[in-house]
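Hydrogens, waters and symmetry mates play no part in the numbers below; they use all other heavy atoms, side chains included. Everything numeric in this text was worked out from a predicted model, so none of it was measured.
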Amino acid sequence: MSGHSKWHNIQGRKGAQDKKRGKIFQKLSRDLYQAAKAGGPEPDGNPQLRLVIDKAHSANMPKDNIQRAIDKASGQGGANYEEITYEGYGPAGTAIMVSCLTDNKNRTAAAVRSAFSHHGGSLGSNGSVSYMFDRKGYIVILRDGLDVDEDSMLMDVLDAGGEDMKSDDDQFEIFTAPSDLTTVRDALQEKYDLDTAEVTMFPQNKTAVPSDKVSQYTGLIDELDENDDVQDVYEAAELPEAAE
């Protein structure tokens, strides 16, 4: 029995690792698609696409997966993909936005609606929660191996056209107007290696999730994350510290 248990534990760890890797690949696929859609499918003429391809290689993402994501953006492969955002409420009225990339709107809408209903939430109409989020350009520069202090980085950010910066022991987080992301990214890329450069959504305020609703809420987010059509889930929720 001990051998069986050991094998079961190994399989459990492998399953968790595969799931984590799958989510990383899913996010990279989205980033590849968006970069190719915005700047074209040729890396030589698209700095943002080159950045994401480098990240995909570092994460050991298969070349076929990389090319498939780029082909989606250029309409190759026979399927037409659309970007759709759903808005809804999770348990305790938490605002949630779900960004999807799909070749079948009916399938995706049914899956997203089902996830909300399974976990005590509900879909809303367009605009029902989006006003609770701010759309911003977001850049991350990791501090590991970087010999620069906070004041120097802030000066570089402001000179590049960035609006704000936060930092901790691990990274610098830089915020821009969405329309300025490309300009700021290109300027900072001349001096630094960028870990992230994207337009994303930030909640203006967060709704506390009571402890008796945490399992429902995390179940909803997990089910959305596991859907291959879902590219991003934006949340305006604050979980109890023990649940984070």
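At a threshold of 4.5 Å between side-chain heavy atoms, the hydrophobic network of Ile, Leu, Val, Met, Phe, Trp and Tyr places Phe172 and Leu181 in one connected group. Under the 4.5 Å side-chain heavy-atom criterion for ILVMFWY residues, no single connected hydrophobic cluster contains both Tyr89 and Val112. In terms of hydrophobic clustering, with Ile, Leu, Val, Met, Phe, Trp and Tyr side chains grouped at heavy-atom distances under 4.5 Å, Tyr33 and Val199 are assigned to different clusters. One hydrophobic cluster, built from ILVMFWY side chains closer than 4.5 Å, holds both Ile221 and Leu239. Note: the hydrophobic cluster containing Val157 also contains Tyr192 (ILVMFWY, side chain heavy atoms under 4.5 Å, direct or indirect links).
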Could you walk me through whether Ile139 and Arg185 pass the side-chain contact (heavy atoms from CB on, under 4.5 Å) check? CA-CA 7 Å; Ile139 296 170; Arg185 178 200 70 204; 4.2 Å; yes
Run Leu194 and Val140 through side-chain contact (heavy atoms from CB on, under 4.5 Å) and show every step you take. CA-CA 6 Å; Leu194 310 186; Val140 175; over 6 Å; no
Evaluate side-chain contact (heavy atoms from CB on, under 4.5 Å) for Ser167 paired with Arg143, printing each intermediate quantity in order. CA-CA 9 Å; Ser167 66; Arg143 299 188 76 145; 3.8 Å; yes
Which is it for Thr183 and Asp180 under the side-chain hydrogen bond (donor to acceptor under 3.5 Å, both in side chains) test, yes or no, and what are the steps along the way? CA-CA 5 Å; Thr183 301; Asp180 293 338; 5.4 Å; no
Under the side-chain contact (heavy atoms from CB on, under 4.5 Å) rule, what do Val98 and Asn227 come out as? Steps first, then yes or no, please. CA-CA 11 Å; Val98 186; Asn227 187 316; over 6 Å; no
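Between Ile70 and Pro41, the closest heavy-atom pair is CG2-CB, 3.7 Å. Counting all heavy atoms, side chain and backbone alike, Gln48 lies closest to Ala197 at NE2-O, 2.8 Å. The two residues Leu220 and Ala115 make their nearest non-hydrogen contact at CD1-O, 3.4 Å. Here the shortest heavy-atom pairing between Gly88 and Val129 reads O-CG1, 3.7 Å. Pairing each heavy atom of Val184 with each of Gly162, the nearest pair is CG2-N, 3.7 Å. Contact detail for Met61 and Asn65: the closest heavy-atom pair is CE-CB, 3.7 Å.
In this structure, CE in Met165 is found 10.0 Å from CD in Glu173, a value given to the nearest 0.5 Å. The distance from the CG atom of Leu142 to the CG atom of Leu146 is 9.0 Å, given to the nearest 0.5 Å. Atom CG in Leu224 sits 11.5 Å away from atom CG in Asp229 (nearest 0.5 Å). Note: Glu235 CD to Phe202 CZ = 13.0 Å, rounded to the nearest 0.5 Å. Note that CG of Asp193 and CG of Leu51 are 9.0 Å apart. Values are rounded to the nearest 0.5 Å. Once rounded to the nearest 0.5 Å, the distance linking CG of Leu101 with OG1 of Thr108 reads 9.0 Å.
At most 12 heavy atoms of other shown residues, nucleotides or ligands fall within 6.0 angstrom of atom CG in Asp144. Heavy atoms from other residues, nucleotides or ligands lying under 6.0 Å from CZ of Arg135 number 12 at most. Shown here is Asp195, whose CG atom has more than 12 heavy atoms of other residues, nucleotides or ligands within 6.0 Å.
By the 4.5 Å heavy-atom criterion applied to side chains, Tyr217 and His119 are not counted as neighbours. When side chains are defined from C-beta on, Cys100 does not count as touching Glu83, because their heavy atoms never get closer than 4.5 Å. In this structure, His57 and Ile53 have side chains that are in contact, with non-hydrogen atoms separated by less than 4.5 Å. In this structure, the side chains of Ile96 and Phe116 come closer than 4.5 Å at one or more pairs of heavy atoms. The closest side-chain heavy-atom distance from Met97 to Val233 is not below 4.5 Å. Between Phe175 and Lys166, some side-chain heavy-atom pair lies under the 4.5 Å cut-off. Looking at Pro203 and Phe133, their side chains come closer than 4.5 Å, going by heavy atoms from C-beta outward. Side chains of Glu198 and Gln34 form no contact here, defined as non-hydrogen atoms less than 4.5 Å apart.
Counted by atom type alone, Asn126 and Glu87 present zero donor-acceptor pairs between their side chains at under 3.5 Å. Side-chain contact, Ser99 with Gln231: no donor N or O sits under 3.5 Å from an acceptor N or O. For the residue pair Asp71 / Gln67, a side-chain donor-acceptor distance below 3.5 Å is found, with atom types taken as modelled.
The backbone N or O of Val148 sits nowhere less than 3.5 Å from a side-chain atom of Ser152 that would complete a donor-acceptor pair. No donor-acceptor pair under 3.5 Å is formed between the side chain of Asp222 and the backbone N or O of Asp225. Counting only distance, with no hydrogens or angles, the side chain of Tyr86 and the backbone of Ser125 share no donor-acceptor pair below 3.5 Å. For Arg50 (side chain) and Pro43 (main-chain N/O), a donor-acceptor pair under 3.5 Å exists by modelled atom type. Side-chain atoms of Thr94 come within 3.5 Å of backbone N or O of Pro91 as a donor-acceptor pair.
Ion pairing of Lys191 with Asp156 is present here, as a side-chain N (NZ or NE/NH1/NH2) and a carboxylate O approach within less than 4.0 Å.
With sequence neighbours excluded, the residues that form a side-chain contact (heavy atoms from CB on, under 4.5 Å) with Arg113 are Leu123.
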